[in-house]
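Worth saying up front: this structure is predicted, and the values here are computed from it rather than measured. Positions are given from 1, in the same order as the sequence printed here.
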Amino acid sequence: MKTKIIVVTGGVYSSLGKGIVASSIGRILKEYGYKISMQKLDPYLNVDPGTLSPYQHGEVFVTKDGAETDLDLGHYERFVDNELSKYSSITSGRIYYEVLNQEREGKFGGKTVQVIPHITQQIQSKIKAIIKNDKPDFLIIEIGGTIGDIESLPFIEALRSFSGIYSRKNILFTHCAPLIKIEVNGEIKTKPTQYSIKNLMNLGIHPDILVLRTSEISSKEIKQKLSWTTDISMDNIFSSVDSKSIYDVPKLLFDQGIHKSIFSYFKITKKGSMGNWNKFLNTIHSEKKHKASIALVGKYTELPDAYLSVIESLKIASYSENVELKLDLINSETIDSTNYINKLKGYDGILVPGGFGERGIEGKILAAKYARENKIPYFGICLGMQVACLEFARNVLKYDDANSTEFNSKTTHKIFDIMDSELSKKLGGTLRLGNIKVDIEKNTLADKIYKSSNVEERHRHRYCFGKQYVNDFANNGFIVSGTSADGEIIEIMEMKDHPFFIGVQYHPEFQSRPLKPNPIFKLFIAKSKK
């Protein structure tokens with residue numbers, strides 16, 4: 001069949017959970033056997049989120065082909081279990097950048113370049129491109145921001161216009177909006193939702209489905225009132241209710257029959273169930289036999305979304321290992337030589353995630369030292385691998401000034417250094433990004449984890465371990481257990497005389513899925529549980 005498109009918009013205020021609703025719809029359709037692709041249209045003017053501070057938009061999620069994207073793509077991949085690509089992340093900045101480059105190259109033949117039609121047609125070209133590349137049964141498009149925002153208007157207009165080109169019967173519009181509850185008297189107000197929908201209608205789009213963000217399933221009376229004022233059928237009004245877990249939302253929407261409304265709109269007859277997903281939900285909500293207390297030591301801990309994929313991967317692994325997880329985010333800037341033992345004692349495992357920049361590094365190094373000396377399971381991701389190696393070089397090999405040139409370019413022991421110019425030329429930039437194959441050494445912890453001679457993992461780094469130090473480390477029990485396929489880059493380091501001490505140069509959190517936890521997270525939790 002021709003690819004069916006479901007567009008998800010949001011109104012009244014941001015952070016409604018549009019991404020979770022879009023992902024949940026994708027999961028339901030995936031359970032029915034359909035091929036799903038997803039696309040995020042973000043209204044900000046950055047060309048991509050790669051240089052944004054994690055405090056702005058949370059983590060930067062990396063796709064298989066190396067695109068640096070919004071964290072919502074992480075939700076998409078975890079829910080629908082598909083590897084997305086650069087076609088799935090589009091920003092206003094990217095659109096304007098491409099159109100203005102075309103103008104400079106003379107491709108418009110001297111014509112006046114305008115939002116309509118040039119910007120809107122460029123947006124539409126991105127929708128056509130992902131359909132052509134992915135060939136999905138369903139494409140789910142989330143428009144970032146809130147209806148009424150000036151910056152999102154070109155995306156709204158592009159989709160309104162595209163529905164005429166592509167055929168309105170092949171595009172379903174889903175709008176998410178909150179129900180506002182007055183705490184003093186418990187009264188629920190629908191007026192903000194009504195205005196939001198009317199704003200959307202004024203822009204030429206009448207939503208077919210309404211998803212209400214609320215604390216409880218909406219009453220028949222509320223639905224009736226909204227139906228009268230918006231001309232959306234009561235049967236097409238659903239509730240996205242506050243839940244213990246975001247992974248409950250697909251079942252919540254399924255139980256209300258959102259799939260029936262989607263199939264009815266597209267005139268599809270299909271039988272199915274949520275059997276696989278329900279089994280996963282059972283692992284979430286069942287009583288746990290074990291406990292594990294994990295310290296995540298980072299520098300953006302005030303905003304947990306900065307480590308969203310790591311946190312979700314730990315949760316997913318805990319469900320799989322029948323573990324009740326207690327996760328504490330500890331700011332590495334608060335750790336120093338006088339307090340690191342008291343800060344970290346009592347934890348069953350320590351994880352240091354990725355990051356860039358010198359701030360908080362010494363606290364992370366002390367976290368690795370504590371885990372090494374006290375035989376506490378340690379998992380270092382990207383920068384977490386680097387600080388473990390720096391700690392070892394300083395305290396075991398006695399290279400007192402051992403460092404990365406990212407933090408001290410004058411160090412006499414460059415344990416980590418920026419990729420050489422030849423490799424950078426090969427990559428087309430200074431960052432090594434996307435899915436890259438890693439060769440695994442036999443009879444190592446990495447071999448035990450992956451049970452394979454090689455694995456493909458997702459990368460985002462520019463500094464590499466200095467190969468001249470491999471023998472010094474190995475002679476003292478800290479060995480290389482994974483390299484790039486050409487042997488040029490050290491990918492995995494592990495400690496031999498330790499229950500679990502491993503650092504990886506890549507980001508395994510980007511490929512952990514609810515139904516397929518990444519094996520390194522699984523074993524880390526298994527080794528940490530009491």
Phe500: partners by ring-ring contact (aromatic ring centres under 6.0 Å, His included), with sequence neighbours left out: Phe524
Qualifying residues under ring-ring contact (aromatic ring centres under 6.0 Å, His included), relative to Phe416, sequence neighbours excluded: Phe465
Partners passing side chain to side chain contact (heavy atoms under 4.5 Å, CB included) against Thr283 (at least two apart in sequence or in another chain): Phe280, Tyr319
Pairs involving residues 356-377, ordered by first then second residue, that meet ring pair (Phe, Tyr, Trp, His ring centres under 6.0 Å) (sequence neighbours left out): none
All side chain to side chain donor-acceptor pair (under 3.5 Å) counterparts of Tyr347, not counting sequence neighbours: Asp328
Partner residues of Tyr55 under the ring-ring contact (aromatic ring centres under 6.0 Å, His included) criterion, sequence neighbours left out: Tyr300
Non-neighbouring partners of Ser239 that pass side chain to side chain contact (heavy atoms under 4.5 Å, CB included), sequence neighbours left out: Thr214, Ile217, Ser218, Val241, Gln256
Pairwise salt bridge (Lys or Arg N to Asp or Glu O under 4.0 Å) hits with a residue in residues 461-480, at least two apart: Lys467-Glu488
Listed partners of Leu366 passing side chain to side chain contact (heavy atoms under 4.5 Å, CB included), at least two apart: Ile335, Tyr340, Lys369
Considering only distance and modelled atom types, tabulate donor-acceptor pairs under 3.5 Å from the side chains of residues 512-520, sequence neighbours left out.
residue, atom, partner, partner atom, Å
Ser512, OG, Asn518, N, 2.8
Arg513, NE, Glu77, O, 3.4
Arg513, NE, Asp81, OD1, 3.3
Arg513, NH1, Phe510, O, 3.2
Arg513, NH2, Glu77, OE1, 2.6
Lys516, NZ, Asp81, OD2, 3.3
Asn518, OD1, Ile520, N, 3.1
Asn518, ND2, Glu457, OE2, 3.2
Asn518, ND2, Pro508, O, 3.3

Listed partners of Phe407 passing ring-ring contact (aromatic ring centres under 6.0 Å, His included), at least two apart: none
Test side chain to side chain contact (heavy atoms under 4.5 Å, CB included) applied to Val323 - qualifying residues, sequence neighbours left out: His290, Ala292, Ser318, Glu321, Ile525, Lys529
